[in-house]
Amino acid sequence: MGTALIYDEEMTKYKLLWVDPACKIEVPERLTVSYEALKNSGLADRCVSVPVREATDEDILLVHSEEYLEAVKKTPYMTLEDLKEFTLQYGDVYFHPNIYHCAKLAAGASLQLVDSVMTGKVRNGMALVRPPGHHSMRSAASGFCVFNNVAIAAQYAKLKHGVKRVLIVDWDVHHGQGVQYSFEDDPGVLYFSWHRYEHQKFWPQLRESDYDNVGKEKGEGFNINVPWNKVGMKNSDYLSVFCHMLLPVAYEFNPDLVLVCAGFDSAIGDPEGEMCASPDIFAHLTHLLMNLAGGKVCAVLEGGYNLTSLPQSVCQTVHTLLGDPAPRPANLDGPCESALESLHCSRSAHRKYWSCLKHAAEHPSSDVSTKRLKLAEEEEKVENGEEKEKAEEEVWPEPPKRVTAPVRTALVLPDGVSCPDRCKLFSSSKDPVIVNKLRENFPRDAADSDALTTLSSLVALVEKMEKNEICNGLALVQDVSMAMTCVVQHAAIALSNRVLVVCVGDVLVPAHYKEDGTILLVHFSNKEEEQKSKYHIPVCLKKGCSDVSGFMQAVLGLLLPLGYEYDPSLVLLARTPDSGLCDGAWQQLTGLLQGLAQGHTLVLLQEGERAYVGPTASSLLGEAAPSVGKIKAPLLEDVESMEGLRTRLQVDWKLLQTTAPETG
Ligand code: Q9C
Ligand code: ZN
C-alpha cells in the first residue's frame, strides 16, 4: 500500500497583483519549489500520483455558505479594481481572476486524497495545494485562504465514507480559526492546533485561540489549542507537546482518519513563524501520527513561506509517509519555560474531558489578571528590545540524506519457523572472533551449540544494523534475558554507543550492567522494583501490561520522551511470554519506537511466542499498527505511580516535564 501525492501545476497560476506587504509572501514558487524537491529527491516517483479534481458546489457547501460561494464565483470576471475592493472586506488575503479555480482544485485535491485513503487505494498521502485553507470561514476568506480544504475534507469523510471520528492535527504556525469554528460543537472531529499567539498579539489576534477554548456543547473537550507565547520554539517544544498532550488524547479519541493541516511556517527560517524547529522534526511529527487510524493519514499543505525550509520540510514529511525511517532528531535539550507554561495550561484546561489527563496538574495562575500582567511585561520587552535579525536570514544545516538500508527487516528464527513475506531470513556463518568472545563471556551457554549460533547471529545482525546494511531485526530466542545481555554487552561495549533497552514482562535485568549511560533500561512489569539510577527505570503497572490504557499512557508519556532525549543508536526491545500485553498495544509500541535510532530496532521474543512473529514483523516493516480500540481510564493506582515516576525523573530528563518550573 502506497503513498498518494496530489499536485497540479494549475495551482501555481495565480498571484498577488498589487502591493500588499501582508500578502507578498504567499507566492506560486511555494508550490513549485516543493514539488521540484520531491521530484529531485526521487520521492515523487515513489508515490502514487493521484489527479486533482474541482470540488463541486455541494462539496464546498459542506463548510461554506451559499452567499459566500456565490460571491467568490464572481471573482473570475472582476476587474482589477473590483478584485481589490472585494479583497478589502477580508483580512490578509488577496483575490485573482484564477484563484476561484485554484481554490476549487485545492479543496478537490483534499477530497481526492481522502477518497484514495478511505477506499484503500493507498495507505496515506499528501496534497500540495494553493490556496491554503485553514483560516477561511463559513462566509469569509482570510489569511491567504479561500475555501477550508481540510474542514471540507473532514465533513466529506464523515458524509461519504461514514467516518465516525476525524482527528485534525494543525501543525501550521497560525491558528486555523476556520477549522475551529467549523467543528466547535462536533465531538466527531477533534481539532488540535498549536500556534504563535504571544498573548493575543500575533495574527489573527483572537481571544478564542487561547488554551481555554476547548469547544462547546457536545463538542466540549474536542478542541485543543496550544498557544505559543514566545517565538523561537524548538524541536523539544514540539515533541513535548506531542508526547504529553496530542498523542495521549489522540489515542484516547481513537480516530478513524487523521487529517493534517500541514503548514511548514512552524519550521526554522519562516518569516511568519519565527520558530526554530528543524525541517526533520516533521519526519517525527508524521511518524508519531502514523500508527493512529490504522495509518490513514492525509496531509494537506497550508502555510510555509521560506523557500528553502519549506521544500525540506515537505520532503521530510513525504519520506516518512512512504515508510522510510526518520533521521535521529537533533538538539533535544528539553522544552523552554514558555512552552511548558503553554503545555501546562492546555493540559489543565482539558483535564476534565480526557482520562489520560486526569492527573495533569491544575494551572494555578490561569486567571485573567495574571494574563494581563504578562501582556504588559511582554509589551515592555518589545519596547526595550533591540532590532533582531530577520528569520529568513537564519541558516541551518540541510537535513542529511535519508539512506534506506538495503534490507528492512531481518529475522533470526529457529528451524521450522517460517519467515513472513518481505522479511529476510538472517543466518550468519559463525564468525570465529564473535564466537570466541561469546565463549569468554558466556561459558555456560556457549556449551549449547544452538544457543551459540543464535547469539553469534544476533551480534552479526547488530553489526549490520550499525552499518545500515539492515534496518531492523527480530529474533526468536531460547532465553530473552540471556540474548539481551549478550547484545547489550556487544553493542554498548564493543561499539560504545547508546542502547535503549525496553523490556516488557519479567525479564531478568543483567546484574553486572553498567550505569554509565551507555544503556538506558525501561522495564514494564507488574513487579515493584527499585529505580537504581536515571538509566534504570522500572515502570510498574498493577495489572502488568494487560491494562492497555495504562500501558499506552506509559509509552506515550514516559518511554517516548525518555527515548527521544536519550537519542539511542540502537533500540533493543524484549518481551517475555508472561507479559500479558495484547497484540495491538505491542504493535503500537514497536511502531512508535521506530522513530528512534533511525529505525534500528532489534526485537527479541521467547521461542514460545511464535504467534507474535507475524504481527511484530509487520510493525517492523513499517505497516501501521491496528488501533487498540476504545481505551478506558487507566487504573488510578497506575496513574499515580507513573506520575510519581515522571516527577522524580524530570530533574534528569527534561522532556518529561509537563509544567513550568515556577508554577509546577
Ligand atoms: N506579516 C497561512 O499560513 N498575516 N496563512 C500576514 C504579514 C497573515 C497565514 C502578516 C498570515 C496568514 C495559511
Ligand atoms: Zn500558517
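Remember, it's 1-based here, ligands and their atoms both numbered in the order they're listed. As the structure is a computational prediction, the values presented were derived from the model and not from experiment.
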Asks: Run the ring-centre check on Trp228 versus Phe202 and record whether the distance is less than 6.0 Å.
Replies: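 That pair fails the under 6.0 Å test.
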Asks: Is the distance from the Zn ion (ligand 2) to some N, O or S atom of His134 under 2.8 Å?
Replies: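 False for His134.
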Asks: Could you check which of Phe144, Phe202, Phe264, Tyr305 puts a non-hydrogen atom nearest to atom 2 (C) of ligand 1?
Replies: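 Checking each option, the heavy atom nearest atom 2 (C) of ligand 1 is found in Tyr305.
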Asks: Using 2.8 Å as the threshold, say whether any N, O or S atom from Glu302 sits that close to the Zn ion (ligand 2).
Replies: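 No, Glu302 does not qualify, because none of its backbone or side-chain N, O or S atoms lies under 2.8 Å.
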Asks: How about Asp333: does its CG atom have over 12 heavy atoms from other parts shown lying under 6.0 Å from it?
Replies: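 For Asp333, atom CG is crowded (more than 12 foreign heavy atoms under 6.0 Å).
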Asks: For ligand 1, which atoms, with element, lie under 4.0 Å from some heavy atom of His134?
Replies: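 Within the 4.0 Å cut-off of His134, ligand 1 contributes 13 (C).
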Asks: For ligand 1 and Asp92, I'd like to know whether there is a polar contact (N/O to N/O, distance under 3.5 Å).
Replies: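 Asp92 vs ligand 1: N/O contact under 3.5 Å present.
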Asks: Side chain or backbone, does Cys145 bring an N or O within less than 3.5 Å of an N or O on ligand 1?
Replies: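 No; the residue has no nitrogen or oxygen that sits under 3.5 Å from a nitrogen or oxygen of the ligand.
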Asks: Would you find more than 12 non-hydrogen atoms of other residues, nucleotides or ligands less than 6.0 Å from Glu398 atom CD?
Replies: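 Atom CD in Glu398 is not packed in, count stays at 12 or less.
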Asks: Can you give the angle His174 ND1 - the Zn ion (ligand 2) - Asp172 OD2, rounded to 10°?
Replies: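 Here the angle at the metal atom is close to 160°, to 10°.
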Asks: Suppose I only count heavy atoms of Asp172 and a 4.0 Å limit; which atoms of ligand 1 are within that range?
Replies: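 In order of number, 3 (O).
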Asks: For N/O/S atoms only: which one belongs to Asp265 and is nearest the Zn ion (ligand 2)?
Replies: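 Per the distance ranking, Asp265 contributes OD2 as its closest N/O/S atom to the Zn ion (ligand 2).
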Asks: List ligand 1 atoms under 4.0 Å from Asp265, heavy atoms only on the residue side.
Replies: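 Checking each atom against Asp265, I get 3 (O).
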Asks: Rounded to the nearest 0.5 Å, what separates atom CG in Leu292 from atom CG in Asp256?
Replies: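 Between atom CG of Leu292 and atom CG of Asp256 there are 11.0 Å.
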Asks: Which distance, rounded to the nearest 0.5 Å, do you find between the CD1 of Ile152 and the CG of Leu259?
Replies: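 Rounded to the nearest 0.5 Å, the CD1-CG separation comes to 12.0 Å.
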Asks: In terms of ring plane angle, is the pair Phe147 and Tyr68 parallel, tilted or perpendicular, where the classes change at 30° and 60°?
Replies: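 Perpendicular, since the angle between the ring planes exceeds 60°.
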Asks: Need the ligand 1 atom indices (1-based, order shown) with element for anything under 4.0 Å from a heavy-atom of Pro132.
Replies: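 Under 4.0 Å from Pro132, ligand 1 has these atoms: 13 (C).
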Asks: Does Glu302, backbone or side chain, put an N or O under 3.5 Å from an N or O of ligand 1?
Replies: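 No - when backbone and side-chain N and O of Glu302 are compared with those of ligand 1, no distance drops under 3.5 Å.
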Asks: Short N/O distance, under 3.5 Å, between His174 and ligand 1?
Replies: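 Looking only at distances, the answer is yes, because the N/O contact criterion of under 3.5 Å is met.
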Asks: Parallel, tilted or perpendicular for Tyr211 and His363, by the 30°/60° rule?
Replies: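 Ring orientation of Tyr211 relative to His363: tilted.
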Asks: Can you tell me if NZ on Lys15 sees more than 12 non-hydrogen neighbours from other groups inside 6.0 Å?
Replies: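 Result for NZ/Lys15: open.
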Asks: Going by salt bridge (Lys or Arg N to Asp or Glu O under 4.0 Å), Glu184 matches just one of Arg138, Lys218, Lys216. Which one?
Replies: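 The residue from Arg138, Lys218, Lys216 that satisfies salt bridge (Lys or Arg N to Asp or Glu O under 4.0 Å) with Glu184 turns out to be Lys216.
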Asks: What residue and atom, counting heavy atoms only, is the protein's closest point to atom 7 (C) of ligand 1, and at what distance?
Replies: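 Looking only at protein heavy atoms, the one closest to atom 7 (C) of ligand 1 is Glu272 OE2, 3.1 Å.
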Asks: What do you reckon, does Ala22 put a non-hydrogen atom under 4.0 Å from ligand 1?
Replies: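 Yes; Ala22 lies near enough to ligand 1 that a heavy-atom distance drops under 4.0 Å.
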Asks: Which residue and non-hydrogen atom of the protein lie closest to atom 5 (N) of ligand 1, and at what distance in Å?
Replies: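 For atom 5 (N) of ligand 1, the nearest protein heavy atom is Gly143 O, 3.0 Å.
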Asks: With distance as the sole criterion, is a donor-acceptor pair present between the side chains of Asn124 and Thr3 under 3.5 Å?
Replies: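 Per modelled atom types, Asn124 and Thr3 side chains form a pair under 3.5 Å.
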